[in-house]
Protein chains: 2
Amino acid sequence: MDMIETFKALSNPTRLQILMWLKDPEANFPEQGGHPGVPDDLKGGVCVGSIRNKAGISQSTASQYLDVLQRCGLLLSERHGKWTYFRRNEEAITELAQFVGGEL
Amino acid sequence: MDMIETFKALSNPTRLQILMWLKDPEANFPEQGGHPGVPDDLKGGVCVGSIRNKAGISQSTASQYLDVLQRCGLLLSERHGKWTYFRRNEEAITELAQFVGGEL
DNA sequence: TTGACATATCGCGGTATTACGATATGATGT
DNA sequence: ACATCATATCGTAATACCGCGATATGTCAA
């Protein structure tokens, strides 16, 4: 896990916000769900469009931000049909917390 | 504590390294000490010149980096004579660790 | 196959960061 | 007052990041 890339990813207010919103997808993305073949509990993550709406950024920026968060390992993505669902990678976040709480 | 500024400060390899070196000043800055009127145990911190040498960067860059780390609260500085001694702000680092380990 | 939709990638101008040398400030000793 | 040393600030060119619209790719439905 590249800590420099991770800190860089977190040093943008919108990206930090997205990561925190994804702690509670049900509360923060209520309009999500109801996609064909996808359960309503949002365990699998939230799609780009929902995040884009919530954050108030363009589609290309949303896609790019999520890519940055995924590249450094903080998010995981899974494609179902036309949608790409993003969710937190709790292992990576725990690893980051251990680094900051211990080695840093 | 501005988390965005803090993450920005940490997203530079040299600055991250400096913060980690300052966990153990005695081991990482052995040539430090012996300044008139300053105890040898380095409890008060390490001066800019020692950090500059260790990091292999220019004097102006060292001063600027340390200022960035201080502005976001990760370092504290104290002037004694012509030297400015920098040391870690453990309270701030603990606060950061709690944020990453809890709210993030 | 064609159209519609979701997402990804490209290209751009604007802005910030990087790291430096040059110079200014501040402190010490003579 | 002066020279010297440590640090801070200024000005800079190179590079990276920001956020967007335009466009490309991939998926489904008819």
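The sequence lines fix the lettering, A, B, ..., with proteins before strands; numbering per chain opens at 1.
Looking at heavy-atom distances under 4.0 Å, S63(B) makes contact with a base. Within the 4.0 angstrom heavy-atom criterion, base atoms lie near T61(A). D67(B) comes within 4.0 angstrom of nothing in the nucleic acid, heavy atoms only.
Judged by distance alone, the side chain of R52(B) and the main-chain N or O of A55(B) form no donor-acceptor pair under 3.5 Å. T94(B) places a side-chain N or O within donor-acceptor distance of the main-chain N or O of E90(B), the cut-off being under 3.5 Å.
Atom C1' of nucleotide dA8(C) and atom CG of L66(A) are separated by 11 Å, given to the nearest angstrom. Going from atom CD1 of I4(B) over to atom C1' of dC18(D) covers 14 Å, rounded to whole Å. When the C1' atom of dT27(D) is taken as reference, atom CH2 of W83(A) falls 9 Å away, rounded to whole Å. Across the protein-nucleic acid pair, E78(A) atom CD and dA6(C) atom C1' stand 17 Å apart, rounded to whole Å. Straight-line distance from the CZ atom of F86(A) to the C1' atom of dT7(C): 9 Å, rounded to whole Å. Spacing between atom CG of N53(B) and atom P of dA6(D) amounts to 10 Å, rounded to whole angstrom units. Between the CD1 atom of I57(B) and the P atom of dT7(D) there is a distance of 12 Å, rounded to whole Å. One interatomic measurement links the two molecules: NZ of K82(B) to C1' of dA27(C), which rounds to 7 Å at whole-angstrom precision.
Taking only distance into account, the side chain of Q64(B) never meets the base of dA8(D) through a donor-acceptor pair shorter than 3.5 Å. On a pure distance criterion of 3.5 Å, a polar donor-acceptor pair joins the side chain of Q59(B) and the base of dA8(D).
Within the structure, a side-chain polar atom (N or O) of R15(A) is placed less than 4.0 Å from OP1 or OP2 of dC18(D). Side-chain nitrogen and oxygen atoms of S60(B) include none within less than 4.0 Å of the OP1 or OP2 phosphate oxygen of dC20(C). At dC17(D), none of the side-chain N or O atoms of N12(A) fall inside 4.0 Å of OP1 or OP2 (strictly under the cut-off).
One finds the CZ atom of R79(B) at 4.0 Å from the OG1 atom of T84(B) (value rounded to the nearest 0.5 Å). Note that CZ of F7(B) is 10.0 Å distant from CG of D2(B), once rounded to the nearest 0.5 Å.
The residue among S58(A) and E5(A) whose nearest nucleotide of DNA chain D lies closer to the 5′ end is E5(A).
Closest of all the heavy-atom pairs between N12(B) and I4(A) is C-CD1, 3.8 Å.
Relative to the side chain of V48(B), the nucleotides dG21(C), dA8(C), dT7(D) differ in distance, and dT7(D) lies closest.
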